A.B. asks: 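Dropping a structure here in structure tokens format, bear with me for questions.
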Number of protein chains: 2
Amino acid sequence: MAAKSSKRSQRTGASVPEPRGEPPLSLDRIVATAVELLDAEGLDGLKMRRLADRLGSGVMSLYWHVDNKEDVFDLALDSVLEYRGTIGSQDWRADVLHMLEDWRASMLRHPWSASLLPRRALGPNILARLELLSKTLSGAGVADADLNVAIWSLWNYVMGATITRSSFDLSDADRASGQQRVEHHYPTIERSGLLLDDDWDGVFRKGLDFLLDGLAPR
Amino acid sequence: MAAKSSKRSQRTGASVPEPRGEPPLSLDRIVATAVELLDAEGLDGLKMRRLADRLGSGVMSLYWHVDNKEDVFDLALDSVLEYRGTIGSQDWRADVLHMLEDWRASMLRHPWSASLLPRRALGPNILARLELLSKTLSGAGVADADLNVAIWSLWNYVMGATITRSSFDLSDADRASGQQRVEHHYPTIERSGLLLDDDWDGVFRKGLDFLLDGLAPR
DNA sequence: ACCTGAACACCGTTCAAGT
DNA sequence: ACCTGAACACCGTTCAAGT
């Protein structure tokens, strides 16, 4: 899968046009490849040397395009948060639900992104999502004084749900062993099978509905 | 999670009072010092060598008490999540609010803990908190079928709020520069001053109230 | 403008060894 | 049972240099 071994296998002497060589380095290629690597190996799997390997370049070549590793994280994160949807139906609540479901889905497609987002400065794509959300709620009649509370409450909920799901997803074994450790010690949790529950989508949607009920303009 | 196999010996009985030097290494001392170091330097600041330095021992001495660095993280995290409160008033909603505020406060006291919690297996102290929460909600009349939804919704909200706050807290400069970048591009956000809002406690409480309204047994 | 290898200052952990 | 230094296999980044 990892098409490494791209150790520049062109030793035909003359500098003929690259037959199948790598295209030249560019910021876009670096970011796209970083996302691939992060998807495949997780947050800890992104190493500058490994990224360079995938790109068929030397490690230090990356540093001409990028300041440092944090830069790579920021760019990869924002690239994954682009919003391509539209809004403008007559139903503000449907619009909001769609935006938040899409946001969550984008992060779940790249399980490293959710836990990274709160730690980094907000990039243009996430700001655009917040702007759209604000505009929709404001247009629906949420008073200015209530707007920030609404936005941050939704942010908190979506981020918590997505971080939790994408982290727990990685370790089903842990959950099973957790449920086992629970037996005889935590009777209520044991009875409800809390740690075995995996209706993530349903839970997400129901909690979100409760929040929107409360936030809805009256 | 660490089930520290056979280790653990408590110095029983009378030995010579410590002559000014460091007390001997012990799991408890290691965990307590790790928490101090994490509080002072953040998640990235915990290094085995630095931890050993603080303890006045060689690095490798730690590895007799602990399997690896992840072990240290797990133990530090759980130690910070202990719940010392009581419940049992007649007001289930007050009980729940108190438990969740206390949980959040514990994590905010150790800003590295919130972002760590979703990534690790659930330790005994957080399980005890979940058990208490489940029991309270169940006793208040939440049907078994609704219990997991209630717990996970609250979990999502509390974790999202706490992770966000403890992360953003570290970088007020980022928020200011974020608000600056926002000007002229994101009018609704600019007008509401979303990124400058710092009524974290108020936002937390209001969103939580909305959730509880929805989750409350009818 | 763009790319590179050598080298530095780390860091977690294995190992063989000491008491 | 408990602790240790030397050594290994990394990793991000600086630097001087190449085209």
Side-chain angles (χ1 to χ4, degrees), chain A residues 2 4 6-11 13-18 21-31 33-34 37-38 40-76 112 116 119-120, chain B residues 2 4-13 15-16 18-19 21-31 33-34 37-38 41-76 112 116 119-120:
Chain A
K4 319 188 146 188
S6 48
K7 247 279 268 232
R8 201 56 82 137
S9 52
Q10 125 196 7
R11 51 175 40 107
S15 58
V16 271
E18 308 249 345
E22 317 280 351
L25 231 40
S26 71
L27 197 55
D28 285 349
R29 270 193 78 222
I30 291 177
V31 173
T33 308
L37 187 52
L38 284 162
E41 315 270 358
L43 269 185
D44 298 330
L46 178 61
K47 276 118 193 224
M48 295 304 272
R49 285 172 224 257
R50 238 193 296 190
L51 180 54
D53 273 354
R54 281 206 181 212
L55 288 159
S57 74
V59 202
M60 292 319 296
S61 312
L62 302 175
Y63 285 83
W64 194 90
H65 302 267
V66 141
D67 281 346
N68 47 42
K69 192 180 173 180
E70 291 208 335
D71 216 357
V72 179
F73 274 128
D74 285 338
L75 293 166
W112 46 274
L116 197 54
R119 283 189 262 161
R120 312 297 317 162
Chain B
K4 55 222 60 49
S5 43
S6 54
K7 306 149 184 187
R8 167 157 297 261
S9 75
Q10 233 17 297
R11 283 158 52 91
T12 55
S15 48
V16 194
E18 303 294 336
E22 315 282 352
L25 232 37
S26 70
L27 199 55
D28 286 348
R29 268 192 81 222
I30 292 177
V31 172
T33 308
L37 188 51
L38 285 163
E41 315 270 358
L43 269 184
D44 298 330
L46 179 61
K47 275 117 194 226
M48 296 303 272
R49 285 172 224 256
R50 232 182 313 181
L51 181 54
D53 272 355
R54 281 206 180 213
L55 288 159
S57 74
V59 202
M60 293 317 298
S61 311
L62 302 175
Y63 285 82
W64 193 88
H65 302 267
V66 140
D67 281 345
N68 47 41
K69 193 180 172 180
E70 292 208 334
D71 215 359
V72 179
F73 275 127
D74 285 339
L75 294 167
W112 45 273
L116 197 55
R119 284 188 260 162
R120 312 297 317 162

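We use all heavy atoms of the structure for the numbers below, so side chains are in, but hydrogens, waters and symmetry mates are not. Keep in mind that this is a model prediction, so the values were computed, not measured.
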A.B. asks: Looking at D:dC2, C:dT13, C:dC3, which one has an atom nearest to any side-chain atom of B:W64?
C.D. replies: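 The closest nucleotide is D:dC2.
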
A.B. asks: Step by step, would you call A:D53 with A:R49 a side chain to side chain contact (heavy atoms under 4.5 Å, CB included)?
C.D. replies: CA-CA 6 Å; A:D53 273 354; A:R49 285 172 224 257; 5.6 Å; no

A.B. asks: Between residues 44-60 of chain B and DNA chain D, which residues have a heavy-atom gap below 4.0 Å?
C.D. replies: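 Under 4.0 Å from DNA chain D: B:S57, B:G58, B:M60.
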
A.B. asks: Do A:H65 and A:R29 come within less than 4.5 Å of each other through their side chains, counting heavy atoms only?
C.D. replies: no

A.B. asks: Given D:dC3, is OP1 or OP2 found less than 4.0 Å from the side-chain N or O atoms of B:H65?
C.D. replies: yes

A.B. asks: Separation of B:L62 atom CG from D:dT4 atom P, in whole Å?
C.D. replies: 9 Å

A.B. asks: Side-chain contact test, heavy atoms from C-beta onward, threshold under 4.5 Å: evaluate it for A:Y63 versus A:M48 and give yes or no.
C.D. replies: yes

A.B. asks: Just the rounded figure in Å: distance from C1' of D:dG12 to CD1 of A:I30.
C.D. replies: 15 Å

A.B. asks: Calculate the interatomic distance between B:N68 atom CG and C:dC11 atom C1'; express it in whole Å.
C.D. replies: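 From B:N68 CG to C:dC11 C1': 14 Å.
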
A.B. asks: Heavy atoms only: give me the nearest B:L25-B:S57 pair and the separation to one decimal.
C.D. replies: CD2-OG, 3.8 Å

A.B. asks: Are any non-hydrogen side-chain atoms of B:L55 and B:L51 less than 4.5 angstrom apart?
C.D. replies: yes

A.B. asks: Take N1-N3 plus N6-O4 or O6-N4 for Watson-Crick, N1-O2 plus O6-N3 for G-U, both under 3.5 Å. Which runs of 3 or more such pairs involve DNA chain C?
C.D. replies: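 Stems found: C:4-8 with D:12-16, C:12-16 with D:4-8.
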
A.B. asks: Which pair of non-hydrogen atoms, one from B:A76 and one from B:A34, has the smallest distance, and what is that distance?
C.D. replies: CB-CB, 4.5 Å

A.B. asks: Does any part of the side chain of A:V72, heavy atoms only, come nearer than 4.5 Å to the side chain of A:L46, both counted from C-beta?
C.D. replies: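 Yes; the side chains approach each other to less than 4.5 Å.
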
A.B. asks: Can you find a heavy atom in the side chain of A:K47 that is under 4.5 Å from one in the side chain of A:E41?
C.D. replies: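 No; the side chains remain at least 4.5 Å from each other.
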
A.B. asks: On a whole-Å scale, what distance lies between the C1' atoms belonging to C:dA16 and D:dC2?
C.D. replies: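 Between the two C1' atoms, the distance is 15 Å.
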
A.B. asks: Would you mind reading off the distance between A:Y63 atom OH and C:dG5 atom P, rounded to a whole angstrom?
C.D. replies: 15 Å

